[in-house]
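It should be emphasised that the depicted structure is a prediction, and the values quoted were computed from it without experimental measurement.
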Amino acid sequence: MVAITLPDGSVRQFDGAVSGAAIAAAIGPGLAKAALAMSVNGKLVDLSTTLATDATVRFVTRKDPEALELIRHDAAHVLAEAVQALFPGTQVTIGPAIEHGFYYDFARNEPFTPDDFAAIEAKMKAIVAANAAFVREEWDRDEAIAFFKGKGEHYKAEIIQDLPREETISLYRQGGWVDLCRGPHMRGTGDVGTAFKRLKVAGAYWRGDHRNAVLQRIYGTAWRDEKELKAYLTMLEEAEKRDHRRLGREMGLFHLQEEAVGSVFWHPKGWRLWRTAENYVRRRLDAEGYVEVKTPQLLDRSFWEASGHWDKYAGAMFTATPRAEDAEEHKHGRILAIKPMNCPCHVQIFKQGIKSYRDLPLRLAEFGACHRYEPSGALHGIMRVRAFTQDDAHIFCTEDQITEETKSFIALLMSMYRDFGFTEVVIKFSDRPDVRAGEDAVWDKAEGALKAAVEAAGHPYTLNPGEGAFYGPKLEFVLRDAIGRDWQCGTLQVDFVLPERLDAEYVAADGSRRRPVMLHRAILGSFERFLGILIEQYAGRFPLWLAPLQVVVATITSEADAYARKVAAELAAAGLQVETDLRNEKINYKVREHSLAKVPLIAVVGRKEAEQDTVALRRLGGETQEVLALADAVARLRAEAMPPDLRPAGR
RNA sequence: GCCGACGUAGCUCAGCGGUAGAGCAACUGAUUCGUAAUCAGUAGGCCCCCGGUUCAAAUCCGGGCGUCGGCACCA
């Protein structure tokens, strides 16, 4: 007898070994039809799996969260079959389910062309319609290797060779096609459904290593039903509409051009946005006991050799030498490097004079402009650039102060993110990478201290093994935007290495000389990137305090021109960014134009307003307007435009 | 850096061997108008750059540069 326990606690007895499909059928025809796979004692397996011993079973239907992963994984197999059917000689490699969809990496000499894609998608549909059953087979390891080698599937053979010896080698058949796969799968290709779409093709390195061959990766998306698919495609469209590169141009915030690859030309409105953000950050740091500094752009190569950066990052650093042949640097062949980061400079400030334990923690902040020669393929709008400004700071402290400094940093960061409109923040803890500076004992200490600190701060965090900086472990702060995308911005890194390398020390209470610990930290990360994220978060429709142009005073008739100027002057005197629109155009035209430009408020004035000393306020996206006495409107907008940290009510 | 696609007016794009096009924007004029496009007219181009093929190149070929989508990278 085999006893099967179901999620509701009930137990069903079977005479002998029984398949999942048979159990489902025994429970009811509805379930038999809906079950795609099952969870046996918590492990997801094929529905066809035979159970010979007692077990707890839960059936997975299309409604369950696991279904998405199954659909996507199966869709990857369908894609692979389609490609091999259409392009004989193409080798298959791997094809996992990923967030929102799936991909499959193929080895083929000729690139896939747009014409191929329609054929691939059509073939996929045909394979799904044929609904061939997924059949699992377990093979002997060496036979499997020989089998794939015999088919010319060298990547598959390599995968098997690299599997641990004790691993079961399973193959899945779907009709005439077979693939190496761990499983599980649904019942047949038909279970993939129709809510999938091939999306894009891209190069990808075999096993993610840039020294390996380049494969062709075809991406697709797959969902439970058409409605979910449509919602996803709509989200992609929404993301495209929010694209900071597009909005940056449309709203006149910035531009990029060929002669300055990776550097941003900030236009007046974009720079206004930057200044608003920078002023805000500066006020918060001032209030938090940071002291602001400014350090050199150009430093001698030997400086970076001492800090250890030259060794690891010379290839990503810009260097500069004077053109004038009589310049000393030129004669002696000295190389100056444009700073790629601020920390070594801050250590130099720390080292001026003798520091006492009473000076700690010393929090040196800098809006530091840095340059890095980022690989050309990494550049992306203003999000990934070669010239950027960090909201950087280094906290010099004792080991005992790490916990307290980390706690107050996390509190500051969370509060600032909230002010910028981000409420969902995830913390990741990254520990030692393979290539690193410093002794293991030092790393033990640094990781221990940081972990203790983040736990003391009381925020949950996830582990990100091996992703730390080369000089120390770090916390990474990832924020989720309005349409569900994640952006890593803030960071806090513990560093015992650099103070040692650059010989920073302080005098302890007992008169001995000690090394300070350095905490590298940033909240926005880089202004360029963060402003790009803000543009996308708000789709250009900034809250009033961030909007670079806050109010347009638009006239209905030229008789109101003088009054419009007065309204604008009073708003400007109250600290608002305001423009007038006195053009001889219809109010409809003006409203449309300023709405498209995403100006938060339009103050409409006509003959009536001029006579009564009022304004008709219209909010972006609103369908009504509010007529207010001018003085009231000024007072109200002044309050509303106040940056969150200056609002009297507090946060 | 790697794979692929793309680069034509300010923007979005058509044209793909035979005199460079459209819509929107811009400019000029008329219209003084009450909350998301008033009408008419005008102007606007090293067709990314350099070379080649050809009687003739935006169009075909080669090489650069840049952008886009991924991959790799991200102190």
Side-chain angles (χ1 to χ4, degrees), chain A residues 103 105 110-114 199-219 243 245-246 249-250 252 255-262 304 307-313 315-317 339-344 370 372-381 383-386 388 390 433 435-437 467-472 474 488 491 493 495 497-498 520 525-526 529 554-561 582-597 602-609 616-625 627:
Chain A
Y103 68 77
D105 284 349
E110 300 75 44
F112 294 110
T113 69
L199 284 183
K200 55 196 170 192
V201 68
Y205 299 106
W206 166 235
R207 298 200 151 155
D209 190 325
H210 69 276
R211 290 165 301 195
N212 290 344
V214 176
L215 307 173
Q216 295 189 65
R217 174 171 300 178
I218 297 179
Y219 283 94
D243 191 312
R245 293 165 297 193
R246 171 188 179 139
R249 185 182 57 240
E250 287 175 0
H255 86 268
L256 299 158
Q257 69 185 51
E258 256 188 68
E259 292 85 349
V261 174
W304 300 106
S307 73
H309 291 97
W310 189 265
D311 251 10
K312 195 168 186 326
Y313 294 110
M317 286 169 69
K339 73 172 168 187
M341 55 189 337
N342 308 299
C343 30
C370 296
R372 296 178 186 172
Y373 187 74
E374 301 287 4
S376 56
L379 301 176
H380 177 86
M383 299 273 207
R384 189 84 183 271
V385 285
R386 289 181 176 154
F388 56 94
Q390 295 173 304
V435 180
R436 58 181 182 263
E467 294 294 318
F470 79 94
Y471 49 71
K474 61 183 179 185
Q488 188 185 312
T491 180
Q493 307 169 4
D495 185 359
V497 173
L498 201 60
H520 306 242
S526 100
R529 180 174 154 80
T555 50
I556 291 172
T557 147
S558 57
E559 287 173 55
D561 285 2
L582 310 182
R583 292 174 303 171
N584 179 13
E585 295 290 351
K586 287 177 131 176
I587 194 62
N588 283 302
Y589 181 89
K590 295 185 183 182
V591 165
R592 175 180 159 81
E593 194 169 272
H594 300 301
S595 298
L596 288 174
I602 303 174
V604 175
V605 295
R607 190 181 302 149
K608 204 162 60 187
E609 287 76 13
L617 272 188
R618 181 195 168 98
R619 284 180 190 270
L620 179 56
E623 298 192 343
T624 57
Q625 47 280 337
V627 179

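Separating the P atom of B:G17 from that of B:A26 is a span of 36 Å, rounded to the nearest Å. Across the P atoms, B:C49 and B:U59 are found 10 Å apart, a figure rounded to whole Å. The same atom, P, is picked in B:C68 and in B:C27; the two are 30 Å apart, to the nearest Å. As rounded to the nearest Å, B:G23 and B:C61 have C1' atoms that lie 34 Å from one another. Going from the P atom of B:C73 to that of B:G15 covers 40 Å, rounded to whole Å. When the C1' atom is compared between B:A36 and B:C24, the two are found 16 Å apart, to the nearest whole Å. With both ends at atom C1', the span from B:G7 to B:C46 equals 15 Å, rounded to whole Å. Separation of the C1' atoms belonging to B:U53 and B:C60 is 8 Å when rounded to the nearest angstrom.
Contacts of A:G381 with the nucleic acid, taken as non-hydrogen atoms under 4.0 Å apart, involve only primed sugar atoms and P, OP1 or OP2. Nucleic acid contact for A:I556: base, since at least one base atom lies under 4.0 Å from a heavy atom of the residue. A:K608 comes within 4.0 angstrom of a base, heavy atoms only. A:E609 comes within contact range of at least one nucleobase, with a heavy-atom separation under 4.0 Å. Across all strands, A:L256 comes closer than 4.0 Å to no nucleic acid atom at all (heavy-atom distances).
Across all strands shown, the partner of B:G10 is B:C24, judged by Watson-Crick or G-U wobble contacts whose two distances both fall under 3.5 Å. Base pairing of B:C16 is not made with any nucleotide, judged by Watson-Crick or G-U wobble geometry with both donor-acceptor distances under 3.5 Å. Pairing partner, B:C60: B:G52, with both Watson-Crick or wobble hydrogen-bond distances short of 3.5 Å. Across all strands shown, B:A30 forms a Watson-Crick or G-U wobble pair with B:U38, both key distances being under 3.5 Å. In a base pair of the Watson-Crick type (N1 to N3 plus N6-O4 or O6-N4) or a G-U wobble (N1-O2 and O6-N3), with each distance short of 3.5 Å, B:U67 is matched with B:A5. Summarising the base pairing, B:C47 is matched to no nucleotide, lacking a Watson-Crick or G-U wobble pair whose two defining distances lie under 3.5 Å.
Distance CZ (A:R583) to P (B:U38): 11 Å, rounded to an integer number of Å. Distance, A:R246 CZ to B:C24 P: 18 Å, rounded to whole Å. Note: CZ (A:R211) to P (B:C2) measures 16 Å, nearest angstrom.
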Treating primed atoms plus P, OP1 and OP2 as sugar-phosphate and everything else as base, which nucleotides of nucleotides 69-75 of chain B get B, S or - for protein heavy atoms under 4.0 Å?
BBBBBBB
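The closest side-chain heavy-atom distance from A:S376 to A:R386 is below 4.5 Å.
Between atom CE of residue A:M317 and atom CZ of residue A:R372 there is a gap of 10.0 Å, rounded to the nearest 0.5 Å.
Under 4.0 Å is where a charged nitrogen must lie from a carboxylate oxygen, and between A:R607 and A:E559 at least one such pair does. With salt bridges taken as basic N to acidic carboxylate O contacts below 4.0 Å, one links A:D209 and A:R211.
Contact check, A:N588 against B:U35: no side-chain N or O comes under 4.0 Å of OP1 or OP2.
The side chain of A:E258 lies closest to B:G66 when the candidates are B:G66, B:U32, B:U38.
Here the closest heavy-atom approach between residue A:W304 and residue A:M341 is recorded as CH2-O, 3.6 Å. Annotation for A:I602 and A:A554: closest pair CG2-CB, 4.1 Å, computed over non-hydrogen atoms.
Applying the salt bridge (Lys or Arg N to Asp or Glu O under 4.0 Å) criterion to A:D495, with sequence neighbours excluded, gives no partner residue. When the salt bridge (Lys or Arg N to Asp or Glu O under 4.0 Å) test is applied to A:R583, the partners found at least two apart in sequence or on another chain are A:D581, A:E593.
Of the two residues contacting RNA chain B, namely A:G606 and A:F112, the nearest-nucleotide position lying further toward the 5' end is that of A:F112.
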Test side-chain contact (heavy atoms from CB on, under 4.5 Å) applied to A:Y205 and A:V214, step by step
CA-CA 4 Å; A:Y205 299 106; A:V214 176; 3.8 Å; yes
